[in-house]
Amino acid sequence: MVKAYTAGSLDGVDNLEAYTADKALAGVKVAVAYYEKNNLAVKGHPLLTPQVQAVDLQGQPNRVTIRDCVDTSNFLPVNKTTGQQSITDGKYRQVMNSVVQLLDGRWLVTDSAYDREQTC
């Protein structure tokens with residue numbers, strides 16, 4: 001995800017499906033399409049602090065729920081041509097909730113979304 005966002009393109013990012021599926025994969029592709037359309041790329045790296053919230057090894061598929069406080073204060077969109085920073089909402093620390101599932105013998109992020117109502 002970080003590689004695709006920093007490139008502002010899926011060019012050269014050939015292994016998203018090795019880590020993501022379903023809504024999470026679609027979300028990354030939609031975000032990158034937005035960046036491409038608006039000539040944006042993200043500079044820097046996010047600071048992640050994931051914490052496991054729940055583990056379900058009885059259900060099918062097995063799943064893990066993760067809550068992450070994502071700090072994007074050093075992961076900002078810029079115009080690829082001018083380098084000028086794009087306007088953001090100013091919320092640099094937000095909660096991201098993700099679901100990881102065991103599918104075909106691989107753990108894949110299947111859903112990942114910011115909770116826009118929470119900061120951390």
Side-chain angles (χ1 to χ4, degrees):
M1 179 180 87
V2 171
K3 185 176 180 180
Y5 291 175
T6 57
S9 167
L10 290 175
D11 293 340
V13 181
D14 55 1
N15 59 351
L16 276 177
E17 288 82 2
Y19 305 101
T20 60
D22 300 336
K23 291 180 185 177
L25 179 59
V28 171
K29 288 182 176 182
V30 166
V32 171
Y34 173 83
Y35 292 147
E36 283 185 311
K37 179 181 177 190
N38 292 285
N39 195 38
L40 298 172
V42 181
K43 297 296 179 197
H45 293 281
L47 178 61
L48 307 175
T49 53
Q51 295 181 328
V52 172
Q53 299 297 297
V55 176
D56 179 3
L57 301 178
Q58 303 304 315
Q60 292 300 319
N62 298 157
R63 64 187 280 145
V64 176
T65 304
I66 299 170
R67 180 184 186 272
D68 197 347
C69 179
V70 180
D71 181 343
T72 59
S73 60
N74 189 35
F75 192 59
L76 302 169
V78 298
N79 181 290
K80 288 195 283 189
T81 304
T82 67
Q84 182 175 356
Q85 184 176 322
S86 180
I87 297 172
T88 66
D89 63 7
K91 295 179 183 177
Y92 298 118
R93 293 177 57 85
Q94 294 185 332
V95 172
M96 179 176 280
N97 295 303
S98 300
V99 174
V100 181
Q101 294 181 315
L102 183 60
L103 302 171
D104 297 324
R106 297 181 302 152
W107 287 98
L108 299 172
V109 179
T110 56
D111 195 4
S112 195
Y114 282 107
D115 182 339
R116 301 279 182 206
E117 302 301 315
Q118 289 189 10
T119 58
C120 50

Distance-only, no hydrogens or angles: does the [X] side chain make a donor-acceptor pair with backbone N or O of [Y] under 3.5 Å?
X     : Y     : result
Asp68 : Thr49 : yes
Asn39 : Glu36 : no
Lys3  : Gly12 : yes

If you take all heavy atoms of [X] and [Y], which pair is closest and at what distance?
X      : Y      : answer
Ser112 : Ala24  : N-CB, 4.2 Å
Arg67  : Cys120 : NH2-CB, 4.5 Å
Ala41  : Thr6   : CB-O, 3.4 Å

Problem - Any residue meeting ring-ring contact (aromatic ring centres under 6.0 Å, His included) with Phe75, in chain and number order, not counting sequence neighbours - result: none

Counting only heavy atoms not in [X], do more than 12 sit closer than 6.0 Å to its [atom1] atom?
X     : atom1 : value
Asn15 : CG    : yes
Leu57 : CG    : yes
Lys80 : NZ    : yes
Gln58 : CD    : no

Handout entry: Contacts of type salt bridge (charged side-chain N to carboxylate O under 4.0 Å, His left out), residue Lys29, not counting sequence neighbours
Key = Glu17

Handout entry: Partner set under salt bridge (charged side-chain N to carboxylate O under 4.0 Å, His left out) for Asp71, not counting sequence neighbours
Key = Arg93

Hydrophobic clustering (ILVMFWY, side-chain heavy atoms < 4.5 Å, transitive) - are [Y] and [X] grouped together?
X     : Y      : answer
Leu25 : Val13  : yes
Met1  : Leu48  : no
Tyr5  : Val78  : no
Ile87 : Tyr35  : no
Val99 : Leu103 : no

Between [atom1] on residue [X] and [atom2] on residue [Y], distance to nearest 0.5 Å:
X      : Y      : atom1 : atom2 : result
Leu102 : Arg63  : CG    : CZ    : 12.5 Å
Leu108 : Thr110 : CG    : OG1   : 8.0 Å
Arg116 : Lys91  : CZ    : NZ    : 8.0 Å
Gln53  : Asn97  : CD    : CG    : 7.5 Å
Gln118 : Met96  : CD    : CE    : 13.0 Å

Handout entry: Chi angles and distances behind the side-chain contact (heavy atoms from CB on, under 4.5 Å) call for Leu16, Leu10
Key = CA-CA 9 Å; Leu16 276 177; Leu10 290 175; 3.6 Å; yes

Heavy atoms, side chains only, cut-off 4.5 Å: are [X] and [Y] in contact?
X      : Y     : value
Tyr92  : Leu76 : yes
Asn74  : Leu47 : no
Pro46  : Val2  : yes
Gln94  : Asp89 : yes
Tyr114 : Val95 : no

